[in-house]
Amino acid sequence: MDFDVLNALLRPRSVAVIGASNTPGKIGYLAAKNLIESDYAGHVYPINPKGDEVLGVRAYPSVLDVPGEIDAAMVVVPAKFVPQVVEACGKKGVRGLIVVASGFSEIGLRDLEEEVVQIAHTYNMGLLGPNIVGVMSNSHHCNASFAPFMPLPGRAAMISQSGALLIAMTVASYTRHVGFDKMISVGNMADVNFADLVSWLDQDDNIACITLYVEGFQNGRRFIEVARRASKPIVALKAGVSAHGAAAAASHTGSMAGSGKVYDAALQQAGVVRASGLNNLFDRTLALSLQPPMLGDNLMVISNGGGVGVLATDAAEYYGIPLRFAPPDLQAELQASVPDFGSVKNPADLTGMGGWPEYLETVRHALRHPWVHGVVVLFCETQRNDPMDIARAIKRAVDESGVTDKPVIVSFIGGEKVETAMQWLVENGLPTYGAPDVAVDAIAALREYARNCMSAMETIVPYQDVDETVARAIIAEARAKKSGALTEFEAKQVFAAYGLPVARTELARTEDEAVALAAQIGYPVVLKILSPDILHKSDAGGVKVNLQDETEVRDAYRAILANAAAYKADAYIEGVLVQEMAPLGTEVILGSVNDSTFGPTMMFGLGGIFVEILKDVTFRVAPISSDQAMKMLVDIKGAPLLAGARGESPRDRVALAEVVSRYSQMIMALGDEIAESDANPVLVYVEGKGVKIVDARIILSA
Ligand code: ACO
């Protein structure tokens, strides 16, 4: 989206309110009032068929009657009039449309919505909405919305897909002491979307953190790209994870993908910090908009009570930044401010004797020490101390330390005096919370952000020893047979074209051929029925394993054909696969779906009951490097089984990660052809012995 258009929408120099009204309570009245009775410095042009004036300002019957230029037009007329209004805006040369009106795709009127967007595009206009509250910008004193209050000023920007929630958040920002420079309602996102807004907000100097309330993306891949490039933290609350597609999915992977895990993966790959709920969204926004990222894992906790220190310690472990003992030289420095019955290890416990001078000294020492990457300061209100004295001491320590690249987060627990001190701390740039675990969660968000920045820098170098032409030829042949899925034999050939280690598999059309192929492959072998009409081969008695010699192969061949005939008399039999009998290994499953939002997406998990019952799987949007695949392997709960649990040798995770990476390259390259796929089971051997794909399945896109 053109930045000129976004400038017009988010920083308009003039706004027309089409549907401005003098009738109190009407949305057109509220919208006009917000702009007219405020410090907004731009021109406001009320548009109303009666002309005259609205709220004392001259009104015009149409935008075409307005003498000056119009950057943005708020459209507050019933949906059926919107096309003609948008047409007039186009003729007038308006750049941005803020379509507040409801009654479009959200009630099934997709055609009307598309018509309006089409008209907007004819005139190079951008359209925010429809079905939105509007846009608010504190730095421009511009409330181009019908929300009665602007949010508490601050350095965050909120983009919300829910209008009601956005209005509630404007007022909640005051009680939560979380400041926003901008609040943007995106509604149906018929045109301007999250990615457009994130890229614009990223270059806005008034913004330090971008906060999202997301129900769904339209073009998930573009969002990932924009978010990965963003230079500011993005924190998102994702709601409304649906089980779309899960019921209809034809593969194992497909049935797992509807669980919201694809969104989890995509947001992680986009480098987005996640929020677990609305409170958490506010808490994390506060930290991310006021404090720098935490560049290492060494968190120092300073408290005046053992209890809160232990709570913070537990929380630190829970949120993935477990506390470590402070190094001896730091402990020695802290000793001067801590009584003998306190502790200098970590948490540093100043005990109930700790007053403002002790807080000042310990916080300053901790911040200046190179070992420390971030500090959480805890304070329990006691008779001995005025909370405001402690607050001032913490702020002074931060200022005097001269350190600006380490986050400091505070938690105060107590009554009214504590409330006042907490607010003062936030106003002075120090995020402060009412509980130690919430403070630790906030600093964990800053750690998560720093880690995300590191992984956003990773690049993916594609494997060159792949043969897309061969893979596409096999798929074309299957399509020519009007087949919606590849046979196991074909799927394995496609996998092999991408350098994936499939167990050697050959097709026999006669018993003698089976015997000859078995001799070539080497005993023991497996025989499997190959028929497009028999999907569940084992159920049909179509699989015989561990065949040791010619006699066993001949017996198995005959038995398989007889079983197939009994199972489905009219089944078309292509032949019998003769396959190398892979030695036992740890079973894993790989798979893919072509997600409607994010496109080709990889799944990895442990096989058997782990996938079927425990659903212990993880996803990544393709393609991924083998380093990223390595991280996928530790994402699942069963990861210790691959690392070598209970005295077993570690499995060949390096080889497995390469296989996952190659697989992701395959589904990306063939994204137009492959709807879903599975490699199941995949056997992983001890380190150095590699991986073997025993069975493969590819379902073609419609
Ligand atoms: N040009 C200029 N003005 C016009 C035009 C036009 N073509 N057509 C009508 N108007 C005027 C009307 O004369 C009226 O002014 P008046 O009060 O002086 O007579 C004004 O525009 C509004 O028109 P109404 O027909 O009175 O429409 P009403 O105000 O009842 O509803 C609205 C319009 C608000 C756009 C409504 O259709 C709507 O969509 N409501 C929902 C909006 C909403 O909630 N959006 C956010 C969703 S998110 C959330 O849930 C918070």
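Side chains are part of it too, since the values below use all heavy atoms of this structure and drop only hydrogens, waters and symmetry mates. Just so you know, residue 1 is the first one in the sequence shown, and it goes up from there. First listed ligand is number 1; within each ligand, the first listed atom is number 1.
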Near-ring test Y263/F598, centroid separation under 6.0 angstrom:
yes
Rounded to the nearest 0.5 angstrom, the CG-CD distance for D635 and Q268 is 6.0 Å
Checklist entry - Would R176 and N279 satisfy side-chain hydrogen bond (donor to acceptor under 3.5 Å, both in side chains), going step by step from the backbone distance to the final call? => result CA-CA 9 Å; R176 306 296 307 253; N279 284 339; 2.7 Å; yes
Inset, instruction - Applying side-chain hydrogen bond (donor to acceptor under 3.5 Å, both in side chains), run through D441 and N280 and close with a yes or a no. - result: CA-CA 9 Å; D441 171 75; N280 193 240; 2.7 Å; yes
Quick one: does V235's side chain get under 4.5 Å of I210's, heavy atoms only? no
Q) Without hydrogens or angle criteria, can the side chains of D71 and S14 be said to hold a donor-acceptor pair below 3.5 Å? A) no
Pick out the protein N or O atoms lying less than 3.5 Å from any N or O of ligand 1, and list each pair with its distance.
from: ligand 1; atom 1: 15 (O); to: N48; atom 2: ND2; distance (Å): 3.2
from: ligand 1; atom 1: 17 (O); to: S21; atom 2: OG; distance (Å): 2.7
from: ligand 1; atom 1: 17 (O); to: K26; atom 2: NZ; distance (Å): 2.8
from: ligand 1; atom 1: 18 (O); to: N48; atom 2: ND2; distance (Å): 2.8
from: ligand 1; atom 1: 18 (O); to: K50; atom 2: NZ; distance (Å): 2.7
from: ligand 1; atom 1: 19 (O); to: K50; atom 2: NZ; distance (Å): 2.9
from: ligand 1; atom 1: 26 (O); to: K26; atom 2: NZ; distance (Å): 2.6
from: ligand 1; atom 1: 39 (O); to: S102; atom 2: N; distance (Å): 2.7
from: ligand 1; atom 1: 45 (N); to: V100; atom 2: O; distance (Å): 3.0
from: ligand 1; atom 1: 45 (N); to: S102; atom 2: OG; distance (Å): 3.3
from: ligand 1; atom 1: 45 (N); to: I132; atom 2: O; distance (Å): 3.4

